[in-house]
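Data block below; observations after.
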Protein chains: 2
Amino acid sequence: MRVREDAILSAVNRLLADKGFDLMTVDQVAADVGIAKASLYKHFASKEALAAAAMVRLLQCAMGVIQEQSTRSGVRPIQRLEALVRWAVTVQLAGEMPSLPSQNSSLRAELLAHKGYIDLLIQVSERLGEWIVQAQAEGDIDPALPSEVALYSVYARACDPVPGFLKASGQHEAEQIVEWVVSICLNGLRGPQR
Amino acid sequence: MRVREDAILSAVNRLLADKGFDLMTVDQVAADVGIAKASLYKHFASKEALAAAAMVRLLQCAMGVIQEQSTRSGVRPIQRLEALVRWAVTVQLAGEMPSLPSQNSSLRAELLAHKGYIDLLIQVSERLGEWIVQAQAEGDIDPALPSEVALYSVYARACDPVPGFLKASGQHEAEQIVEWVVSICLNGLRGPQR
DNA sequence: GTCTATAGCCAGATAGAC
DNA sequence: GTCTATCTGGCTATAGAC
């Protein structure tokens, strides 16, 4: 059932964003959805599969943002990148960005074996890579930087602890926090002042 | 016994850097040190206490770097900050930076109750805060940025996934990776070009 | 303070009826 | 596909001898 699985993934997404993979329990997922744990396992083979499916959904959202930015005309590549970074930071600040530990080996294995996930990840990386190279040609990203470095720097905004800390301090508006984090990111990639 | 506890904390530090708090097991710590698990609990009351002690040791190292930088004369505040960021990134890249999940509640509670930890954290934050304000006065950090934002951005370099990813790609030297990450961080804080 | 042995708990996963 | 009930294993922490 498609609707049921969507509800499951929403719960997984929320729990991953809230507690992370290691502290998320399948019992909690089942409780949040309102079904028995055994029923969950009829839809997804393992806890790792749950996380993988949530990550696929996230990457699909990212591709949506990328597609949307691609249709804008008369826009510099750096502005498309900025829009994607802003989206990522906004989602994270809203507590809706699932976070996976890069350390967990069973999870890594499952993710690397998940064709849908890998394919999407490659797609996203290639699209962003193009924008980065173009932005370097226009001088908006330091041409001395390998595009790989810029790509990882963009990806890292999805798990940046800074927005969360600033939000927890309670002294700033969410929109303001997003602007700071986005501009710090892009200014960092722009390179030294001349 | 002081030597024994130092060996324990070294093992904890290594395991925290390698697997993180949730995946680190007390059994592994005991095995690494070469003693029985029950003996471990004679030195530290809980797994959380182990992590807290490791974090205190890390903050002491950070204070050491700060003190050392304070003695340098004729050096701009931004250069002192740069040295600290470089130290953090280097430690992290060497796989010696313990990482704690900001989500785990039992751990957070124990850390916040640990006076030695909190005091050190405040000390470090105040010292770095001074440098940041001075760097803003000299135009090396965007004066429009609350110093708090810059402080968190510096702290975040200790758990930045970018150096690890770049190292895993195997295409770059560690020194080169450190320089990229450090300069991206400082350029980001410098603000927009004029 | 060190050990062996074990208590107690909890989480992932499964069995089997409906 | 959903449920209740249970298995299984691993983990934190402790008991108790030496």
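Chain identifiers are assigned alphabetically (A, B, ...) following the order of the sequence lines, protein sequences preceding nucleic acid strands; residue numbering begins at 1 within each chain.
- Look at CD on A:Glu110: it is 14 Å from P on C:dG12, rounded to the nearest Å.
- Cluster annotation: B:Leu93 and B:Val91 are assigned to the same hydrophobic cluster (Ile/Leu/Val/Met/Phe/Trp/Tyr, side-chain heavy-atom contacts under 4.5 Å, transitive).
- Proximity of residues 30-40 of chain A to DNA chain C (heavy atom under 4.0 angstrom from any strand atom) is restricted to A:Lys37, A:Ala38.
- When all heavy atoms of B:Leu128 and B:Leu151 are compared, the pair lying nearest together is CB-CD1, 3.7 Å.
- Each of B:His43 and A:Val26 was matched to the nucleotide of DNA chain C holding its nearest heavy atom; the match closer to the 5' end belongs to B:His43.
- For the residue pair A:Gln67 and A:Ser70, no side-chain donor N or O sits within less than 3.5 Å of a side-chain acceptor on the partner.
- Between the side chains of A:Ser147 and A:Gln136, no donor-acceptor pair of N or O atoms lies under 3.5 Å.
- Between A:Tyr41 and A:Ser46, the side chains place no donor N or O within less than 3.5 Å of an acceptor N or O (distance only, hydrogens not considered).
- Under a cut-off of 6.0 angstrom, the local environment of CD in B:Glu173 is sparse, with at most 12 non-hydrogen atoms contributed by other residues, nucleotides or ligands.
- The nearest whole Å value for the distance from the CG atom in B:Asp22 to the P atom in C:dC10 is 16 Å.
- When rounded to the nearest whole Å, the span between CG of A:Asp27 and P of C:dC9 equals 16 Å.
- Applying side chain to side chain donor-acceptor pair (under 3.5 Å) to B:Asp140 and the options B:Gln134, B:Arg76, B:Arg190, B:Gln79 leaves one that passes, B:Arg76.
- C:dA15 atom P lies 9 Å from atom NZ of A:Lys42, rounded to whole Å.
- Here the OG-OH distance, from A:Ser125 to A:Tyr155, works out to 2.5 Å after rounding to the nearest 0.5 Å.
- When DNA chain D is scanned 5' to 3' for any atom under 4.0 Å from a heavy atom of chain B, the first and last hits are D:dC11 to D:dA15.
- Among the heavy atoms of the strands lying under 4.0 Å from A:Lys47 are primed sugar atoms or P, OP1, OP2 only; no base atom is included.
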